[in-house]
Amino acid sequence: MSDQAMAKAAALRSLPSVDQLLRTEPALKLRDRIGATRITALARSVTEEIRAQIQAGRVADSISREDLLLQSVRLLEEAGKRESQLGIRRVINATGVILHTNLGRAPLSQAARVAISQEAAGYCTLEYDPLSGLRGRRGARVEMLLSEITGAEDALVVNNCAAAAFLVLSVLAKDRETIVSRGELVEIGGDFRVPDVMANSGTHMVEVGTTNRTRLDDYRRAITERTRVIMRVHQSNYRIIGFTSSPTVTELAALAHESNLLLFEDAGSGVLIDLSRHGLGDEPIVQFSIRDGADIVSFSGDKLLGGIQAGLIVGRRDIVGRLRKHSLYRALRVDKLTLAALAATLESFVRGASLQEVPALRMLAFSKTEITERAQALQESLSTLLQESPLKIGLIEGTSAIGGGSGPNTHPVTTLIALHHETLSVDELQRHLRLSTPPVITRIADRKVLIDLRTVAAEEEADLMAAIANLANLAGTK
Ligand SMILES: *Cc1c(COP(=O)(O)O)cnc(C)c1O
């Protein structure tokens, strides 16, 4: 055997066993957190990894037994740390995208958080009426609030807006025809495609008009004795501009009703208050759709409503009643946490306080001046720390975004905190922020890491500052 082979063999003999590794203090601590099965699996893979490193000659031949054990423990702790970062964790959304689907869309209001954790998490009145001591109806409170806000006769809540559209079409138009404009056959978020949802529901899609223009007559000519529904879909995440036209809800409702059909509007975001002052004038307002004659309207609970994931259905009592009684509803209904959060969110609308209390709407309404002041204050607090640092911080003009498939043309003006570093690349800066606790999610433009305080809550600023301060202390090896 060569000297080198002998040294390798010696190192392999010194490699701590899995059992030895598991008996170390850090491993015992880790076991309490992640359980015996998982820690054993991690210890095994760490031991394998070091064995492979020795065999590949990537460990010093002369390494001592103690150092090998220390190295194993270090790798085990790193693996344990990665493990604890799996699953859902709080992050700071510094992207300025208000309804960031990957980051959980709308952040819940304070009242909704309390409703979930204080009222609904344990035993609760999900289907129980303490007044009578009898069984109550699940969702009754949310349904009542939805009717009150939208003026609809009745309401129903399912898992999301996709489920709402699926339920409505399945119950009202299965094996029959549904007419829809070619300009509304949209895809939203990669997995909601109007033609697919229609096909899955069992309704036969009858396309009318063209991508940019569909006239009332196009709908009228497509009506047969097999038609049940006229569907109107909000274009949500895209706009056709220029030479366009489509009938109003009022016109479509009149046509549907004179032909004994139902008008179903999938409103997507479905706003409940007029947001035109905030650049969202072309999002359908649910109350107006109901007033103008739509029989059924569906919309999301976690888009511009600013609540939790849900599909909200409002409309005529007899139609909603049919949906509620259908066996599909049982499969698509929501749980107690969702109902609690929704009720708390809707109560903000009833009180007329949604722009103050619902975070997504509050963020939308933030003026550039308010954001600038916060950004300046943050820059100011960091200035001493950053004096000698290779991390540079500046303020620049920019825009935020709505996200979540809403308001694609709406870009509220904002002031961005721009970071750059003398030696670290922007990708590295961004990565360090992502690996902070909690992770800070940012965007990059013009070789700067950009932080938009529009989507950062005031109570998150301390964590954000700590993450930036950590960046300032990085040595900057490139
Ligand atoms: C977003 C959207 C959906 C899907 O809503 P989810 O609640 O995410 O399922 C359906 N239809 C329209 C028009 C939308 O904008």
Side-chain angles (χ1 to χ4, degrees), residues 97-108 142 146 155-170 172-173 178 180-201 203 205 214 229-240 246 249 252 263-272 275 280-286 288-289 294 296-315 323 328-329 331-335 337-339 341-342 345-346 360 401-410:
V97 180
I98 297 172
L99 302 172
H100 199 304
T101 298
N102 296 355
L103 303 182
R105 279 206 189 147
L108 296 183
V142 170
L146 280 170
L156 195 66
V157 183
V158 291
N159 183 55
N160 54 24
C161 195
F166 178 68
L167 178 68
V168 168
L169 293 171
S170 301
L172 303 181
T178 299
V180 64
S181 160
R182 290 196 170 89
E184 299 174 359
L185 297 178
V186 293
E187 170 179 309
I188 295 148
D191 42 15
F192 180 91
R193 302 177 114 193
V194 171
D196 295 349
V197 173
M198 294 180 85
N200 289 336
S201 73
T203 194
M205 174 172 75
T214 304
V229 169
I230 294 177
M231 184 176 182
R232 193 176 195 268
V233 186
H234 179 47
Q235 291 171 337
S236 300
N237 52 4
Y238 95 119
R239 293 289 181 272
I240 297 173
S246 59
V249 171
L252 281 177
L263 176 63
F264 164 41
E265 175 168 45
D266 178 3
S269 259
V271 304
L272 298 177
L275 294 174
L280 287 166
D282 59 357
E283 292 294 328
I285 297 178
V286 178
F288 293 175
S289 297
I296 288 285
V297 181
S298 64
F299 53 106
S300 281
D302 57 354
K303 290 188 183 171
L304 286 167
L305 190 109
I308 197 163
Q309 181 191 303
L312 311 180
I313 301 170
V314 297
L323 303 178
L328 247 185
Y329 169 62
L332 300 175
R333 73 182 193 184
V334 296
D335 72 327
L337 303 184
T338 298
L339 289 170
L342 270 180
T345 308
L346 291 170
I402 310 300
S406 313
N409 287 328
T410 308

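As the structure lists them, so they are numbered: ligands from 1, and atoms in each ligand from 1. Count residues from 1 along the sequence.
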Identity and separation of the nearest protein heavy atom to atom 11 (N) of ligand 1: Asp266 OD2, 2.7 Å
Leu305, Val334, Asp302 screened by side-chain contact (heavy atoms from CB on, under 4.5 Å) with Leu342, the one that passes: Leu305
Nearest neighbour in protein (non-hydrogen) for atom 4 (C) of ligand 1: Cys161 CB, 3.8 Å
Proximity to ligand 1 by part of Arg105, non-hydrogen separation under 4.0 Å: side chain
Sidechain-backbone polar pair: Ser269 side chain, Val271 backbone, donor-acceptor under 3.5 Å: no
Approximate separation, where rounding is to 0.5 Å, of Lys303 NZ and Ile402 CD1: 13.0 Å
Close-contact set for ligand 1 against His234 heavy atoms, below 4.0 Å: 13 (C)
Polar side-chain atom of Thr203 near backbone of Ala173 as donor-acceptor pair, under 3.5 Å: yes
Minimum non-hydrogen distance to atom 9 (O) of ligand 1, winning option of Ala162, Ala163, Ala164: Ala162
Side-chain heavy-atom pair Val249, Phe288 within 4.5 angstrom cut-off: no
Atom 7 (O) of ligand 1 - nearest protein heavy atom and its distance: Ser300 OG, 2.6 Å
N/O donor-acceptor pair under 3.5 Å between Gln235 side chain and Val186 backbone: no
Non-hydrogen atom of Lys303 closer than 4.0 Å to ligand 1: yes
Ser236 and ligand 1 - part of the residue with a heavy-atom distance under 4.0 Å: side chain
Ligand-residue contact atoms, ligand 1 with Ile188, heavy atoms, under 4.0 Å: 1 (C), 2 (C), 11 (N), 12 (C), 13 (C), 14 (C), 15 (O)
Gln309 side chain near Asn159 side chain, heavy-atom distance below 4.5 Å: yes
